[in-house]
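Here the structure is a predicted model, which means the values were calculated and not measured. Atom set for the values below is all heavy atoms of this structure, side chains included, hydrogens, waters and symmetry mates excluded.
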2 protein chains.
Amino acid sequence: MYTVEDIKQRLQDKGVSPSNYRIKILKYLLENKNHATVDKIYTDLKADMPTMSKTTVYNTLEIFIHNNIVQVITIEEGETRYDADTSTHGHFKCTVCGEVYDFDVTLPNIDTESLKDFEIEEKHIYYKGRCNKCK
Amino acid sequence: MYTVEDIKQRLQDKGVSPSNYRIKILKYLLENKNHATVDKIYTDLKADMPTMSKTTVYNTLEIFIHNNIVQVITIEEGETRYDADTSTHGHFKCTVCGEVYDFDVTLPNIDTESLKDFEIEEKHIYYKGRCNKCK
DNA sequence: GTATCTGCAAAACATTTGCAATTCT
DNA sequence: AGAATTGCAAATGTTTTGCAGATAC
């Protein structure tokens, strides 16, 4: 879906030099909108690139986060997920199958009294329950 | 603020037998709306009860969650927080001082096609940024 | 005296770190 | 060569687990 050139350009636009692993990892995240964990990325890419280490996945994601190329999705402990869509949108996690779905949401303006003079940098919203397949 | 009798009643109402530690831990969470981590609860209560182990804090919270006495607040990896207010409300975490603030919010029902026929059980929303003191 | 509750120590994980090895220019 | 990238192995920190000991009814 994405050419290597596309990805290279994206990385360079964000000021990140496009090494092979970085290209592969970003391509993976763009093409698999599955909110993958480090372990999933590692396992899936390992098939193609047996020499890649998990540390590289961690390092790369760290750089991506720092340069706003991916966002971190925290829904529950022990599984940090990564999303190449950095816009604010909701996530639904099915407690049965574990799948995470996106949903569009317009975040409400909050009661200004309680957070008066606060500087909001990130907004996250997630729901949990059973997806249509697991009901 | 809360008498031991109050807490006992609450626990029994939820079907949990009111042992001393359970009473103390729930009392702590009700009186300190600080979204404490296990470590904070442990450290703070340890002063009064030097014999209490961290395992007991984990065990107790597990029971509380299971019986809907507290809710889990997941904002970022490596620090699970607990809240004795089980209603749906927003949390703001200051990235400078680490403090977590509550805010009132009405979370939207999902209108779109995207989550058609999904069964929503929990709604969570959190913002991150700088609080009024750390701006 | 039987259930439940508690606590220690070890195990299990995800993530981070230090540093050496490799690669790229 | 020099700088950036990668990888191994150890360390860290949180949470879980197994089981033994203590406590409660």
> Think B/S53 has a side-chain N or O under 4.0 angstrom from the OP1 or OP2 of C/dG7?
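Answer yes for this pair, as a side-chain N or O of B/S53 is under 4.0 Å from OP1 or OP2.
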> Taking for each residue the nucleotide of DNA chain C with the nearest heavy atom, is it B/V57 or B/E77 whose nucleotide lies nearer the 5' end?
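The answer here is B/V57.
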> Per the ring pair (Phe, Tyr, Trp, His ring centres under 6.0 Å) rule, what does the pair list look like for residues 31-87 of chain A, sequence neighbours excluded?
A/H35-A/H91
> With a 3.5 Å limit on both atom pairs, tell me what C/dA11 is paired to, counting Watson-Crick and G-U wobble, or say none.
D/dT15
> If you measure from CD1 on A/I69 to CG on A/L61, what distance do you get to the nearest 0.5 Å?
10.5 Å
> How does protein contact run along nucleotides 17-25 of chain D, one letter per nucleotide 5' to 3', with B for base contact, S for sugar-phosphate only, - for none, heavy atoms under 4.0 Å?
B--------
> Please list all pairs passing the salt bridge (charged side-chain N to carboxylate O under 4.0 Å, His left out) test where one or both residues lie in residues 34-43 of chain B, with sequence neighbours left out.
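Non-adjacent pairs meeting salt bridge (charged side-chain N to carboxylate O under 4.0 Å, His left out): B/D39-B/K54, B/K40-B/D44.
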> Report yes if at least one side-chain N or O of A/S19 is closer than 4.0 Å to OP1 or OP2 of C/dT23; otherwise report no.
no
> Tabulate below the donor-acceptor pairs under 3.5 Å that side-chain atoms of residues 6-18 of chain A make, not counting sequence neighbours, or state none.
| from | atom 1 | to | atom 2 | distance (Å) |
| --- | --- | --- | --- | --- |
| A/D6 | OD2 | A/T3 | N | 3.2 |
| A/D6 | OD2 | A/T3 | OG1 | 3.4 |
| A/Q9 | NE2 | A/D13 | OD1 | 3.1 |
| A/K14 | NZ | A/N68 | O | 3.3 |
| A/S17 | OG | A/R22 | NH1 | 3.1 |

> Between P on C/dT15 and CD on B/E76, what's the gap in Å once rounded to a whole number?
13 Å
> Rounded to whole angstrom units, what separation is found between the CE atom of A/M52 and the P atom of D/dT6?
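Taking atom P of D/dT6 as the reference, CE of A/M52 is at 10 Å.
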> Tell me yes or no: between the side chains of A/T51 and A/Y21, is some donor less than 3.5 Å from an acceptor?
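Yes, because at least one side-chain N or O of A/T51 sits under 3.5 Å from a partner of the opposite role on A/Y21.
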> What are the residues of residues 78-85 of chain A, sorted by number, that bring a heavy atom to within less than 4.0 Å of DNA chain C?
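Heavy-atom contacts with DNA chain C come from A/G78, A/T80.
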> With hydrophobic residues grouped by side-chain heavy-atom distances under 4.5 Å, do A/I41 and A/V4 end up in a single group?
yes
> To the nearest angstrom, how far is A/I41 atom CD1 from C/dA14 atom C1'?
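For the pair A/I41 CD1 and C/dA14 C1', the rounded distance is 14 Å.
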> Is A/S17 touching bases, backbone alone, or none of the nucleic acid, heavy atoms closer than 4.0 Å?
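Counting heavy atoms under 4.0 Å across all strands, the contact made by A/S17 is with sugar-phosphate only.
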> Just compare C/dT16, C/dC5, D/dA4 and give me whichever is closest to any side-chain atom of A/Y58.
C/dT16
> 5'-most contact on DNA chain C: B/R22 or A/V38, nearest heavy atom basis?
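Looking at DNA chain C, the more 5' nearest nucleotide goes with B/R22.
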> Whole-Å distance between C/dA14 P and A/E62 CD?
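It is 18 Å, rounded to the nearest whole Å.
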> Report the glycosidic orientation of C/dA3: syn if within 90° of 0, anti in every other case.
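Syn, since the glycosidic angle lies within 90° of 0.
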> Rounded to the Å, how far apart are B/K54 NZ and C/dT6 P?
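The distance from NZ of B/K54 to P of C/dT6 comes to 18 Å, rounded to the nearest Å.
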> Under 4.0 Å, heavy atoms only, any strand: does A/T51 hit a base, just the sugar-phosphate, or nothing?
sugar-phosphate
> Return the value, rounded to whole Å, for the distance between atom CD1 of B/I25 and atom C1' of C/dG7.
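Going from B/I25 (CD1) to C/dG7 (C1'), I get 13 Å.
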> For the pair made of CD1 in B/I65 and C1' in D/dT16, what is the distance, rounded to whole Å?
13 Å
> Run the ring-centre check on A/F118 versus B/F103 and record whether the distance is less than 6.0 Å.
no
> Could you identify the nucleotide paired to D/dC8, looking across every strand shown and requiring Watson-Crick or G-U wobble geometry with both distances under 3.5 Å?
C/dG18
> Closest approach to the side chain of A/Y21, judged atom by atom: which nucleotide of C/dC5, D/dG7, D/dT5 is it?
D/dG7
> For B/T74 and B/Y126, which heavy atoms make the closest approach, and how far apart are they?
O-CE2, 3.8 Å
> Under 3.5 Å, side-chain donor or acceptor atoms of residues 128-135 of chain B against the rest of the protein: list the pairs with distances, not counting sequence neighbours.
| from | atom 1 | to | atom 2 | distance (Å) |
| --- | --- | --- | --- | --- |
| B/K128 | NZ | B/E76 | OE1 | 3.4 |
| B/R130 | NH1 | B/C134 | O | 3.1 |
| B/K135 | NZ | A/D117 | O | 3.3 |

> Using 0.5 Å steps for rounding, measure from the CD atom of B/Q71 to the CG atom of B/L29.
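Separation between the atoms: 11.5 Å.
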> Round to the nearest Å and state the distance from A/K24 atom NZ to D/dT5 atom P.
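One finds 17 Å between P of D/dT5 and NZ of A/K24, rounded.
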